Amino acid sequence: MADPTQPSALLGELPADGPVPVIAAGRVAVVLVSHDGERWLPTVLEGLAAQRVAPDLVVAVDTGSRDAGPDLLAAHPAVDAVVDAGPGTAYPAAVRAGVGRADELAAGSGGASGAGGVEWLWLLHDDSTPDPGALEQLLLAAGSDPGADLLGPKLREWPSLRRLLELGVTVSGTGRRETGLERGEYDQGQHDRRRDVLAANTAGLLVRREAWEALGGLDEHLPVFAGDLDLGWRAAATGRRTTVVPEAVVFHAEASHRGTRRARVAGRRTHFAERRAMLWTLLVNASGRSLPWRVLRLALGTLVRMVGLLLVRAPGEALDELAALVAVYRRPGEVRAARRRRRELPRVGEDRSRELLAPAWLPYRHGLDLVGDLVAAATRQASDVAERRRDERAAEVAARTATGRRNRHASSTASSTASSTASSAASSSGTSTGGPAARVGGDEGGVDGPGLAGREGRGPVLRLLTDPVALAVAAVVVAGLVATRAAWGEVAGGALSPAPSGAGAWWSLHLEAWHRLGVAGTDVPAPPYVLPLALLATVLLGSASAAVSVVLVLAVPVALWGAWRFLRVAARLADPGGAPTWLLAAGSSAYAVLPLTSGAFGEGRLGAVVLVALLPWLAHAALGFLDPEPDRRRRAGWRTGLLLALGVAVTPPLWAVAVVLVVLVLGVGFVLSPRGMRSRSAWGPLLVAVATPAVLLAPWVVGLLRADASQGLLLEAGLPPVSVPGTADLLTGHLGGLPAATTPWWWLGALPAALAVLGLLARRTRAAVVTCWALALVALLVGLGLGAVRLDLGPVTVPATTAPTVVLVAGAAVTAAVLGALALPPRGPGASGAAVVAAVLAVGAVGGLAWALTVGDGALGDDVDDEIPAYMTSSSLEGPERGVLVVTGDLESGLSYTVRRGDGTTLGEAEVEVLGRPAADGTASRTVAALLGRPDPGAVAAVGGLGVEYVVLPAPADGRVAAGLDAVDGLVQASAEDRSTRAWRIDAEPRAGAVDGPGSWVHTVLVVVQLLALLVVLVLCGPSRREVP
Amino acid sequence: MTDPVTDPVTGPAPRAGGRRAAPRSRRRLTPAVVLAVVLPVASLATAWGLAPGAPTDAPDAGPARVALAEQTLVCPAPPDEPAPVLVGRAPGTGTGAVEVAAPAAEEDADPASADPPDGGVADPVVVADEPAVVQGRDDAAPGLLAARFTAGTVAGTACLEPAASAYLTGLGAGPESSTVLDLVNPETGPAVVDLTVLGPDGPLDVPDVAGVTVPAGESLRLDLARIVPTADDLAVSVEVVRGRAGVTALDRSTPVGGAETVEWLASQPAPGRELVLPGLVGGAGERRLVVANPGDAATQVELQVGTPGGAVTPVDVRPVQVPAGGVAAVDLSAEIAAQVDQGASSLLLTSAEPVTATLRSRVRDDVALTTATAAAPETAGLVAEGDARVVLALPAGAAATSAVVVARDADGEQVGSRTVDLDPGASVETDLPDAAAAVTVAADGDVAGAVVVRRGDGTLVLGLRPPVTDGLVPAVRPGLP
């Protein structure tokens, strides 16, 4: 047999084993249903003809094929009759027609239709070809097991012929067809056990005629899919048995399931047809008791599956899910009728379907597997950019080499002249798999944690304990966690306001257009980082303080992990050898202490802390722009855009840096390679990356502009003012809160910068180091521009935040230091140079941690003492109109006032209150000024009308101001713990709704667009579905 | 692939420069080398230029001056003899009648009224046995001056506005010298006053004087000899924590074998580092300087005397050490008498920490109390009957200035005027005409002044104070949450 697709050629003869084989008696009719089966039919018919036990009758049913299939059938000698069922005939009807025809033929040839009629039906599809022994083995099994009414063969994949498809099937509670096999499992006889199953595929199914008639054949409602499951379930429910016979082998192409054939009965949407069939099968066969639960579960499950499908960018299938659900649920009468028909089926024994159904935990197991696969695919997205670029270049080299000698010569010249550079090293070796990169970067996914490469053979604990690098990294993480102990639990202080009561407070802050905060309420939008915090707090069971703690405490480990990932890929881009793990560990540790050493943590600058943790991930995502594959570049654009949006949310000027960088890169790209930049996939992702934050943060940006509070666009997260870096701070990674020149520790921050300068001396990686310097320069130039901007916030005038510049410069310095060290040999003679670099970086990291553990306590504490008596704060919780007017200052230098509402100024509200403060000469200010300046009962009433219940002058109160308030009618003196704090209650019930304001449909629309855009971007930056195994 | 510029996405990829540079590196500067020099230099230069200014707070906004709506002056209760209340008005300020009444006067009682002419003094108003409250509203409010002088003995004091805080120094609580404090609440709501009594070694633990409540419109008398019986020199700091209350002190001293004399002790609004005590009384007698330090750190106080030529440091006077929160007293009997003979008329104190001070002079069987007086450009005071002179003094650290002293009679007619030039640390005496009932001092700079009245053997020293002509409205603005 020359044809390799011939199954029997591979199988050989089946050994004759077991007890005395008895072939079941009775005539066997084959019903072969065909639709456009020209591709497979010749093989199928050959297989049919080659059966060792030939069937008595072969009836082919054609359902309106438009190819040569009917001719093939008619011409083949093995086929006794061809029924033309016409187009649009479903499989059940076709089988019914075939059985009818077989009966006619049997009656014609065998005399009396009763005794000599067909006793066995063997169903075949036009894309399933039986092994020569298939029917023989099925009949032998039927003969040895007279109780079996349905016998299914072992199905193997066609055309691979080796992989198992099914050995009987069952169905899970969610309507998933369960085979119990791994995907693509090779048949090595591992499942060869004859056993009872819920159902067997109709391809190759041998059915006892009596059972067929009793069960009523296949359900007409299931034209293509799930008919077999339904038949088997009915059989099991009526006490019949379905047995799988592994000795019988049928090869199945699953043409309908895979969509390689578009049958009209299956409709255009395969997924829809499948889901509809499964839902129908579940609903009509389920026990009556479980039916309500099933109805609910399938509906909810459909929604969950839709979300999942949307997340992997399969909107068509998601719609199919919904359509299938609607198609089944909108005709409850049909389901009831079908259930009634099933109840009326004759029973021959106990209902055995329960034990044959899939276990209840199975769907959850599948869900977990899928999530794991998705996470793995998502984390792998950019990590192997370097490899793919080398593969691409290798392929190009190969292509050129093939085109001619001249090109080959040029290529080899290039390789020899620049053999030290990364890409030519790859092209000269011609492969990326054998290089040291594969050895160094063993942990592709990065999820194993750093430093565990190359020790896969041992347990994780042993691997950790035996790897000094992993131990060192673990020590840095632990020390970082201890150094951030101030943030365990409730934390506030410095620029960090206390967390609100729960995630709900953040949600309403984000969703509402009008905030009942400050003197008279404001329409200044919530700062943009409130949304991610709200999401995080929601995940953490609604605890806002847990969200803040998580962000602050995990900043160091997350920065370390991100820096490790980024430096590993960056190093492999600069040098195919990549960086040794100890160098990566030193570099990422030196970066990861930045939240502490920069002063961001101690000052409570949440924005800067988040930026430090986020930046390496952002840079890692941006490396995806270098991917040779356009689709991956596009996704890198979305990913970078999403992370950039998060970074911009906490430190808005980061966007300016990103825009300048993108403009520069595009400009250089267009100058150097106008042809290469013509492709949209070259420049599109970059534009996507900078445009995404603008869309995702639209409610905030537009809101600020509408509220005439555009200063907020240049403020970092937190309560202003924050400290400002000087020149030395900029170069040593300090945000300015620390007295850089006076503390003996400041030189620790200068170490990476010094190494970055030295890194320029190394010729081999100079280009990469220069790139880092260029990045730093851009950040500094943007900072130069921003630093000149002064923002008038009323009580204080601050410069635009330069935190992004500080963090970017520090990150670029560490990267340049690591890349510069790559030029030094990692092992062998001269290795000490790289070791010295790593050691210096490690000194920076360890010294920074030591400083943070000993000196750097900072301003963080458990709570902010706002000196308001407790009974007032509890009263103000009763409603926003019960505000507390807090007045500080004295007569000579002027008085400042704020109105504290609800639970005080919580995280996210500080900026709203600062930017939404009333104009100094506005009505609200004049009202308050009238009360404090020339108090009279009218002024008291006017202030009460602003929604103020108490007036407080915290210690030290100016007695002259206090005396004036003491004297006025309408103010009742109130007590305070501190005698020098003066307090009064306004003797009138606060007016409900005093601080209410108008809603805004613009804000609503923008928030809806934002949330939708967030979903879309999340979906777009996820891995493509084909990458999820 | 060897041409790096064909790469559509890398842009200025690291490899690009390096690759192109490699073959030529030995001959000339490659772009990578140029960049390797230019970029760090440019970065450093940018970092150098990038010095964003630190956050700046909005500048302090001083209070606005507005027309005074109301002025209340609290006069102490008289001692055992009649002491009518004199109400005057600084020239060119307000017009109209003001009410003079005892704080606890019945609601329906018709309050006495006084209508001082501009720059003059109204007829004395008798408020028997009670403190008196002088209250002017609207047009009658600005520029009010009031004082209470005894008719027989030479004692008197200026009536003051109720202040949130006041400091009384040199009080006694013993048999020789004892002080009675009067707390007067002129308002319609209760007032709560915290008193802190300072002794030689620090604040005394006196439980009954914290949180003293003065009911609305009433006065409360505190006898220090009963509360803290002690022979030590004391000081009291007064903090009004609720409402408004004026505090006055009446000192009774009975030297062994001598007759009792009374004198009111004026309060100081705030402690200071540079104090001027204008008005020294010449002649033989006992003089005792009491310095109180309400702060948390001990301090040393240097003493000088002001003479017409400038400040002079007496050779045999040593600095006074005052403990934190404590009171120190030093006997200057001989030194002051000698200095006054040589033309000194003021005492100048310089301290590292803010202090308060009173000089108690017992000369010719009469007590005169000279307290530290705040220096101001415009001051005024009423003049008691007798042989009066004005003492003007300039702190040693101030710039030279000249001041115009104008004396007016009860009708407000100018009866004398003199321009006085003052060097730093100088103290100049100016005699007033006999008809003078009120005096005003206008200077270029801050000048401290006092009226010294001698009548028979008695002497009275009355500090000049700036008349209140305007209301102060604080600048109010939104603050940071």
Side-chain angles (χ1 to χ4, degrees), chain A residues 393 396 414 417-418 421 423 574 625-626 665 668-669 672-673 676 679 682 721 724 727 730-731 757 760 766-768 770-771 773-774 776-777 780-781 783-784 787 794-799 802 891 893-898 905 910 913 917-918 920 928-929 932-933 959-960 963 966-967 973 979, chain B residues 1-2 5-19 22-23 25 32 35-36 39-40 42-43 46-58 60-63 66 69 162-165 187-189 194 240-244 471-481:
Chain A
R393 286 173 193 278
E396 282 178 35
T417 51
T421 62
S423 46
F625 290 132
L626 304 178
V665 167
V668 171
L672 293 182
S673 169
S679 154
V724 169
T727 299
L730 281 170
L731 299 176
V757 174
L760 288 163
R766 183 177 292 152
V770 161
T771 308
W773 275 99
L777 179 59
L780 283 167
L781 285 171
L784 185 68
V796 66
T797 301
V798 298
T802 36
L891 190 61
S893 57
L895 300 175
S896 298
Y897 68 90
T898 54
T905 302
E913 289 185 26
R917 71 191 182 283
V928 176
L932 298 173
R960 291 160 292 185
D966 274 336
Q973 294 178 357
R979 292 182 62 85
Chain B
M1 68 141 280
T2 52
V5 297
T6 57
D7 193 313
V9 286
T10 50
R15 258 153 268 87
R19 176 91 47 77
S25 60
L35 286 174
L39 286 177
S43 296
T46 312
W48 197 261
L50 200 170
T56 48
D57 290 333
D60 286 352
V66 297
S165 60
E187 297 289 340
T188 52
D194 276 355
V240 183
V241 296
R242 281 278 178 278
R244 298 210 297 173
L472 294 182
V473 173
V476 178
R477 60 192 165 198
L480 288 174

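All of these numbers come straight from a predicted model, not from anything done at the bench.
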Quiz item: Looking only at heavy atoms, what is the nearest atom pair of Arg766(A) and Ala32(B), with distance?
Solution: CD-O, 3.9 Å
Quiz prompt | Under 4.5 Å from any heavy atom of chain B - which part of Thr797(A) | solution = both
Practice problem: Output the option from Gly959(A), Ser893(A), Gly787(A) having the highest count of non-hydrogen pairs under 4.5 Å with chain B. | Solution: Ser893(A)
Quiz item: Where on Ser165(B) is there a heavy atom nearer than 4.5 Å to chain A: the side chain, the backbone, both, or neither?
Solution: neither
Self-check item: Nearest atoms (heavy-atom pairs only) where Ser43(B) meets Trp773(A)
Solution: OG-CE3, 3.7 Å
Quiz item: Heavy-atom distance under 4.5 Å to chain B: side chain of Leu891(A), backbone, both or neither?
Solution: both
Quiz prompt | Proximity breakdown for Ala54(B) and chain A, heavy-atom pairs closer than 4.5 Å | solution = backbone
Quiz prompt | Side chain / backbone / both / neither for Val241(B) at chain A, heavy atoms under 4.5 Å | solution = both
Quiz item: So, for Leu760(A) and Ala36(B), which heavy atoms are closest and what is the spacing to 0.1 Å?
Solution: CD1-O, 3.3 Å
Exercise. Can you see which heavy atom on Ala47(B) is nearest to which on Leu731(A), and at what distance?
Key: CB-CD2, 4.0 Å
Quiz item: Most heavy-atom pairs under 4.5 angstrom with chain A, which of Gly243(B), Gly62(B), Ala164(B)?
Solution: Gly243(B)
Self-check item: Beyond-backbone contact of Thr56(B) with Val796(A), side-chain heavy atoms, under 4.5 angstrom
Solution: no
Quiz item: Is there side-chain contact between Pro55(B) and Val724(A), with heavy atoms separated by less than 4.5 Å?
Solution: yes
Quiz prompt | Part of Val757(A) within contact of chain B (heavy atom distance under 4.5 Å) | solution = neither
Quiz item: Is it the backbone or the side chain of Ala163(B) that comes under 4.5 Å from a heavy atom of chain A, or both, or neither?
Solution: neither
Quiz item: For the side chain of Thr898(A) and the backbone of Gly479(B), is there at least one donor-acceptor N/O pair under 3.5 Å apart?
Solution: no
Quiz item: What are the two closest non-hydrogen atoms of Pro474(B) and Gly933(A), and how far apart are they?
Solution: CD-CA, 3.7 Å
Quiz item: Which heavy atom of Tyr897(A) sits nearest a heavy atom of Val476(B), and at what distance?
Solution: CD2-CG1, 3.5 Å
Quiz item: So which of Glu913(A), Arg960(A), Arg917(A), Gln973(A) has the largest heavy-atom pair count under 4.5 angstrom toward chain B?
Solution: Gln973(A)
Quiz item: Top residue by heavy-atom pair count (under 4.5 Å) with chain A, among Pro40(B), Pro478(B), Pro162(B), Gly189(B)?
Solution: Pro478(B)
